[in-house]
Peer 1: 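One structure is given below, represented as structure tokens, and several questions about it will come after.
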Amino acid sequence: MVSLAIAGLAWTFGTVASAFTSFTVPVGANPGASAIIPQTNELIVVNGEADASVVDSVTNAVSTVPAGLNPAFVVANPVTGYAYISNSNSNTVTVFYGYGEGKKRKVVWVGAGPLRMAINPNTNRTYVTNCCNDTVTVIDGDTISTVNIPVGNRPIGIAVNPVTNRVYVANDWSNDVTVINGFTNQAIATIPVGEAPYSVAVNPLTNKVYVAVQGSGFYYAPGNVTVIDGATHETVKIPTGLQPVSLAINTATNKIYVAGGQSNGDVTVIDGATGETAHVAIPYGQWGFAALGSVAINEVTNKIYLTDSMSTNLVVIDGNTNEVSLRLVPLYSSFVTVNPVNNRVYVSNSNDATVTVIQE
């Protein structure tokens, strides 16, 4: 491994070997976002047409749950075990609970173009960004009643701080973040963050909000992460690599991992305590460049997993050393989810309708 440090920034290069096993499971066409149902350890992965596949963690048997048109995202409530699928072309959310084929389903009407979702397990409320009519729909998990809240233009990313009961919405076209009071279901602040904010994540232990901001020149110029103080709404900008689109937080180490979606994007690692950054270079695949997408973290093992749709690599970063290792997956991987309970990693492969299961 070779490291280079310049003016407070560090780049780390190299790969290391790691023992693991893997196999593939056939699912529906064009699989994408996925989530773990903690009560059953099942994986739920949305498919590109109108359904989702549920993978049993013991037998690896696959069952199918009907959904709406073009399901975009899925989240699971860790307290209730209910899963929520946003159906972007049906303007609905499919809610289901149960085991295997015996899923109980409900369909909830939301706004136009539902995309990302976030859950506050303390209040049993699910928040849905509706990109085509500039609202967030709040679904009450107890009654399945809904409230629509106006936000900025083209909301995409969303995150919840369950401690403060605040919701943060990244508005891609109005270049700001809307703050929603979860107690009153009202927008209480609009915070400018820079051009084209995409993803948002919250560290509830520090009450800091991290927004991946692509910037005006994301095809050729680095973007940034805007850090919002949840108490004061003051902001600080931290430079990143090209087109930061995805980010995730390891709350155990207070490190934030930011993936660059543009070709040759690297991974920026932010120290949440100091704001200092390190840049982890990604080995390129057979086409000579990388396009990173989804990020998932196992806080138990302190490993970070990233999909690279332009290679047959799942990128793994050791959170202790920033060293990189690779796991072989099919081309055009689109999403990664980690189950820390059994140390399994699930990679959605959109090109061949499979999920790669990696046992670390």
Side-chain angles (χ1 to χ4, degrees), residues 18-48 51-67 71-86 94-106 117-119 121 124 126 141 248 250-252 293-307 314-316 319 325 327-330 333-360:
S18 178
F20 63 94
T21 60
S22 67
F23 56 92
T24 59
V25 176
V27 292
N30 195 25
S34 62
I36 300 294
I37 302 174
Q39 284 74 7
T40 62
N41 278 327
E42 292 173 299
L43 176 82
I44 172 75
V45 55
V46 297
N47 301 314
D51 58 29
S53 297
V54 182
V55 181
D56 187 283
S57 66
V58 178
T59 66
N60 298 313
V62 178
S63 57
T64 301
V65 175
F73 206 68
V74 59
V75 291
N77 188 318
V79 174
T80 66
Y82 278 75
Y84 298 77
I85 300 172
S86 58
T94 301
V95 186
F96 70 87
Y97 180 81
Y99 183 80
E101 296 284 2
K103 301 294 184 187
K104 302 175 182 177
R105 293 189 304 121
K106 294 182 179 180
M117 295 178 289
I119 291 177
N124 195 16
T126 301
N250 187 335
T251 60
S294 173
V295 186
I297 297 176
N298 187 334
E299 293 196 353
V300 176
T301 62
N302 196 15
K303 287 184 178 179
I304 300 86
Y305 300 87
L306 305 101
T307 58
L314 177 71
V315 178
V316 185
S325 58
R327 311 285 187 266
L328 183 66
V329 295
S333 59
S334 59
F335 203 86
V336 59
T337 294
V338 177
N339 188 345
V341 173
N342 55 20
N343 201 16
R344 276 192 169 184
V345 183
Y346 297 90
V347 183
S348 301
N349 306 307
S350 60
N351 193 46
D352 66 355
T354 65
V355 167
T356 298
V357 183
I358 302 172
Q359 183 66 63
E360 294 282 78

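The structure displayed is predicted, hence computed values, not measured ones. Heavy atoms only: backbone and side chains are in, while hydrogens, waters and symmetry mates are out.
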Peer 1: Please list, chain by chain and in numerical order, all residues satisfying side chain to side chain donor-acceptor pair (under 3.5 Å) with E299, sequence neighbours excluded.
Peer 2: T251

Peer 1: Can you find a pair of side-chain heavy atoms, one from I304 and one from V295, that are under 4.5 Å apart?
Peer 2: yes

Peer 1: A side-chain contact here means heavy atoms from C-beta on lying under 4.5 Å apart; do V79 and N124 qualify?
Peer 2: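 V79 vs N124: side chains apart.
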
Peer 1: Under a 4.5 Å cut-off applied to non-hydrogen side-chain atoms, are N60 and F23 in contact?
Peer 2: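 Side-chain contact under 4.5 Å: yes.
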
Peer 1: Quiz question: by atom type and distance under 3.5 Å, do the side chains of N77 and T126 form a donor-acceptor pair?
Peer 2: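 No, no side-chain donor-acceptor contact under 3.5 Å.
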
Peer 1: OG1 of T337 to CG of N298: how many Å apart, nearest 0.5 Å?
Peer 2: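 That separation rounds to 12.0 Å.
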
Peer 1: Are any of the side-chain heavy atoms of S22 and R327 separated by less than 4.5 Å?
Peer 2: no

Peer 1: Could you check whether any side-chain N or O of T307 sits under 3.5 Å from a backbone N or O of S294, counting only pairs where one atom can act as donor and the other as acceptor?
Peer 2: yes

Peer 1: Less than 4.5 Å apart, side chain to side chain, heavy atoms only: is that true for N351 and P330?
Peer 2: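 N351 vs P330: side chains apart.
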
Peer 1: Using modelled atom types and a 3.5 Å cut-off, is there a donor and acceptor pairing between side-chain atoms of T354 and backbone atoms of N349?
Peer 2: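 Looks like no, no N/O pair under 3.5 Å.
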
Peer 1: Under a 3.5 Å distance rule, please check whether Q39 uses its side chain to pair with a backbone N or O of P78 as donor and acceptor.
Peer 2: yes

Peer 1: Measure the NZ-OH distance between K106 and Y97 for me, rounded to the nearest 0.5 Å.
Peer 2: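 If we round to the nearest 0.5 Å, K106:NZ and Y97:OH are 13.0 Å apart.
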
Peer 1: Hey, what do you get for OG (S333) to OH (Y305), rounding to the nearest 0.5 Å?
Peer 2: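 Rounded to the nearest 0.5 Å, the OG-OH separation comes out at 14.5 Å.
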
Peer 1: Any donor and acceptor pair, going by atom type alone, linking the side chain of Q359 with main-chain N or O of N342 inside 3.5 Å?
Peer 2: yes

Peer 1: How long is the span from the CD1 atom in I36 to the CG atom in N339, to the nearest 0.5 Å?
Peer 2: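 Reported to 0.5 Å precision, the distance equals 4.5 Å.
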
Peer 1: How long is the gap from OG1 on T356 to CG on L314, to the nearest 0.5 Å?
Peer 2: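 Here the rounded value is 8.5 Å.
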
Peer 1: Could I get the full list of ring pair (Phe, Tyr, Trp, His ring centres under 6.0 Å) partners for F96, not counting sequence neighbours?
Peer 2: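 Listed in chain order: nothing, the list is empty.
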
Peer 1: Output the distance between atom OG (S34) and atom CZ (F73), rounded to the nearest 0.5 Å.
Peer 2: 9.0 Å

